[in-house]
Amino acid sequence: MIISHAWKFIFLKTNKTAGTSVEIALSKFCGPDDIITPISQRDERLRRRLGYRGPQNFCARPGGGFLDRCAGVGLGPLKRPRFYNHMPAKKVRAYVGEQVWADYLKFCIERHPLDRLVSMYFWRYRNGKRPPFPEFLESREARKLKRKGIDVYTIDRQVAVDRICRFENLHDEMARIAEILGLPGDIEIPRAKNGFRKDNVRIHDLAGQEEIEQAARMFRDECRLLGYSVEPARPSSEEA
């Protein structure tokens with residue numbers, strides 16, 4: 001996730017929505033006081049090659065200015081608040097305070113949840129044999145998509161961000177964000193974590209109708225909120 005004081009935005013990162021690619025792209029505009037949370041070593045190497053800022057200011061420290069205001073929020077005296085990947089809105093709001101939360105543009109990316117399931121399936125088992133997809137549906141990894149999806153950008157079941165950007169229209173969405181913020185350039189999205197999903201596979205290629213209906217029930221809140229039908233479109237070349 002990223003909190004930019006320079007441009008007054010908060011990017012809340014969901015998973016399997018090209019969030020890492022967007023996070024890297026947004027790092028280009030960050031200043032020395034902005035908060036950037038760590039990502040994987042592979043993705044940090046890509047960020048360094050592009051010449052963008054890496055992880056910074058994500059832990060409170062003595063004399064840390066802005067982060068000093070976070071100290072002691074729901075934590076013991078020996079602990080320091082920490083901003084982290086896929087951090088939910090409720091925690092971010094508690095740490096940054098009501099004024100920053102109200103003043104900054106808050107946005108995230110969402111994607112058809114059944115397409116996210118398929119993306120996670122290929123990503124989770126990228127280095128080994130994949131179990132049958134119906135078995136994956138019952139796994140902790142599948143349930144984690146809720147915690148790192150709608151639970152990131154809602155508070156008490158209410159949408160807490162100003163804009164939910166659609167993965168399916170990502171470049172146009174990022175152009176609009178750049179315009180709203182007045183960024184001095186385009187948000188140029190690199191391709192991170194792509195290439196693990198084969199042949200534009202959809203959930204209908206992996207599961208029967210019963211399993212698809214089960215998956216749709218798991219993510220009925222997301223489908224209802226964003227108007228997604230049961231059948232997602234074929235994934236694009238931006239698969240991440």
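Side chains included, hydrogens not; waters and symmetry mates left out as well; all remaining heavy atoms used.
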> Tell me, do Lys146 and Phe219 make a side-chain contact under 4.5 Å, heavy atoms counted?
Replying inline: yes

>> Just to verify, what does Phe107 make a ring-ring contact (aromatic ring centres under 6.0 Å, His included) with, not counting sequence neighbours?
In response: Phe9, Phe11

> Sequence neighbours excluded, which residues qualify as side chain to side chain donor-acceptor pair (under 3.5 Å) partners of Asp151?
Replying inline: none

> Do you know the tightest heavy-atom contact between Ile187 and Met174?
Replying inline: CD1-O, 3.4 Å

>> Nearest 0.5 angstrom please: Met218 CE to Leu145 CG, how far?
In response: 7.0 Å

> Would you call Val201 and Phe122 a side-chain contact if the rule is heavy atoms closer than 4.5 Å?
Replying inline: yes

> Shortest non-hydrogen contact from Ile10 to Trp101?
Replying inline: CD1-CE3, 3.9 Å

>> Which residues pass the salt bridge (Lys or Arg N to Asp or Glu O under 4.0 Å) test with Arg220, not counting sequence neighbours?
In response: none

> Are any of the side-chain heavy atoms of His86 and Arg147 separated by less than 4.5 Å?
Replying inline: no

>> Between Glu23 and Arg47, does any NZ, NE, NH1 or NH2 come within less than 4.0 Å of an OD or OE carboxylate oxygen?
In response: no

>> To the nearest 0.5 Å, what is the distance between CD1 on Ile180 and CD1 on Ile177?
In response: 5.0 Å

>> Return the CG to CZ distance between Leu117 and Arg124, rounded to the nearest 0.5 Å.
In response: 14.0 Å

>> Show the nearest heavy-atom pair for residues Pro190 and Ile24, with the distance to one decimal.
In response: CG-CG2, 3.8 Å

> Where do Arg45 and Arg42 land on the side-chain contact (heavy atoms from CB on, under 4.5 Å) test, with the steps shown first?
Replying inline: CA-CA 5 Å; Arg45 287 195 294 270; Arg42 174 189 174 187; 3.7 Å; yes

> Are Ile39 and Lys13 close enough that some pair of their side-chain heavy atoms sits under 4.5 Å apart?
Replying inline: yes

>> Run the salt bridge (Lys or Arg N to Asp or Glu O under 4.0 Å) test against Asp162 and tell me which residues pass, sequence neighbours left out.
In response: Lys106

> Can you name the residues that form a salt bridge (Lys or Arg N to Asp or Glu O under 4.0 Å) with Arg176, not counting sequence neighbours?
Replying inline: Glu179

> Are Glu168 and Tyr228 close enough that a side-chain donor and a side-chain acceptor fall under 3.5 Å?
Replying inline: yes

>> Does atom NZ (Lys91) have a neighbourhood of more than 12 heavy atoms from anything else shown, all under 6.0 Å?
In response: no

> Going by heavy atoms in the side chains, are Leu26 and Val22 under 4.5 Å from each other?
Replying inline: yes

> Considering all heavy atoms of both residues, which atom of Asn57 and which atom of Asp33 are nearest to each other, and what is their separation?
Replying inline: ND2-C, 3.3 Å

> Once you round to the nearest 0.5 Å, how far does CD1 of Ile35 lie from SG of Cys30?
Replying inline: 10.0 Å

> So do the side chains of Asn85 and Asn15 get within less than 4.5 Å of each other, counting heavy atoms only?
Replying inline: no

> Tyr125: what forms a side chain to side chain donor-acceptor pair (under 3.5 Å) with it, not counting sequence neighbours?
Replying inline: none

>> Going by the rule side chain to side chain contact (heavy atoms under 4.5 Å, CB included), which residues pair with Lys90 if we only count those two or more places apart in sequence or in a different chain?
In response: Ile155, Asp156

> Applying ring-ring contact (aromatic ring centres under 6.0 Å, His included), which residue pairs with at least one partner in residues 144-165 are found, sequence neighbours left out?
Replying inline: none

>> Counting C-beta onward and ignoring hydrogens, is there a side-chain heavy-atom pair between Arg116 and Glu110 closer than 4.5 Å?
In response: yes

> Between Asp34 and Gln56, is any pair of side-chain heavy atoms under 4.5 Å apart?
Replying inline: yes

> Given Glu213, which of Gln209, Glu210, Glu211 fulfils the side chain to side chain contact (heavy atoms under 4.5 Å, CB included) condition?
Replying inline: Gln209

> Is there any salt bridge (charged side-chain N to carboxylate O under 4.0 Å, His left out) pair reaching into residues 92-102, and which pairs are they, with sequence neighbours excluded?
Replying inline: Arg93-Glu98

> For Met1 and Tyr84, what are the C-alpha separation, side-chain angles and deciding distance, and is it a side-chain contact (heavy atoms from CB on, under 4.5 Å)?
Replying inline: CA-CA 7 Å; Met1 65 160 291; Tyr84 56 88; over 6 Å; no

> Taking all non-hydrogen atoms of both residues, which atom of Arg53 and which atom of Ile36 are closest, and how far apart?
Replying inline: CB-CD1, 3.7 Å

> Do you know which two heavy atoms are closest between Ala89 and Thr154, and how far apart they sit?
Replying inline: CB-O, 4.4 Å

> Of all residues at least two apart in sequence or in a different chain, which pass the salt bridge (Lys or Arg N to Asp or Glu O under 4.0 Å) check with Lys148?
Replying inline: none

>> Side-chain heavy atoms nearer than 4.5 Å, only ILVMFWY residues, links allowed to pass through others: does that put Ile189 and Leu181 together?
In response: yes

> Within the distance-only criterion (no hydrogens, no angle test), does the side chain of Arg166 pair as donor or acceptor with the backbone N or O of Leu226 below 3.5 angstrom?
Replying inline: yes

> Got a second to check how far Tyr52's OH is from Lys28's NZ, nearest 0.5 Å?
Replying inline: 4.5 Å

>> Could you walk me through whether Arg111 and Thr14 satisfy the side-chain contact (heavy atoms from CB on, under 4.5 Å) test, starting with their C-alpha distance in whole Å, then the side-chain angles of each, then the deciding distance to 0.1 Å, before giving a yes or no?
In response: CA-CA 9 Å; Arg111 175 185 192 174; Thr14 52; over 6 Å; no

>> Could you walk me through whether Cys108 and Val152 satisfy the side-chain contact (heavy atoms from CB on, under 4.5 Å) test, starting with their C-alpha distance in whole Å, then the side-chain angles of each, then the deciding distance to 0.1 Å, before giving a yes or no?
In response: CA-CA 9 Å; Cys108 67; Val152 167; 5.7 Å; no

Identify all side-chain donor-acceptor contacts of residues 131-140 below 3.5 Å with residues at least two apart in sequence or on another chain.
{"from": "Glu138", "atom 1": "OE2", "to": "Gln214", "atom 2": "NE2", "distance (Å)": "2.8"}
{"from": "Ser139", "atom 1": "OG", "to": "Phe136", "atom 2": "O", "distance (Å)": "2.6"}
{"from": "Ser139", "atom 1": "OG", "to": "Glu141", "atom 2": "N", "distance (Å)": "3.4"}
{"from": "Ser139", "atom 1": "OG", "to": "Ala142", "atom 2": "N", "distance (Å)": "3.3"}

> Hey, what do you get for CG (Asp221) to CD1 (Ile150), rounding to the nearest 0.5 Å?
Replying inline: 5.0 Å

>> Under the rule for side chain to side chain contact (heavy atoms under 4.5 Å, CB included), what residues qualify as partners of Pro184, not counting sequence neighbours?
In response: Trp7, Phe29

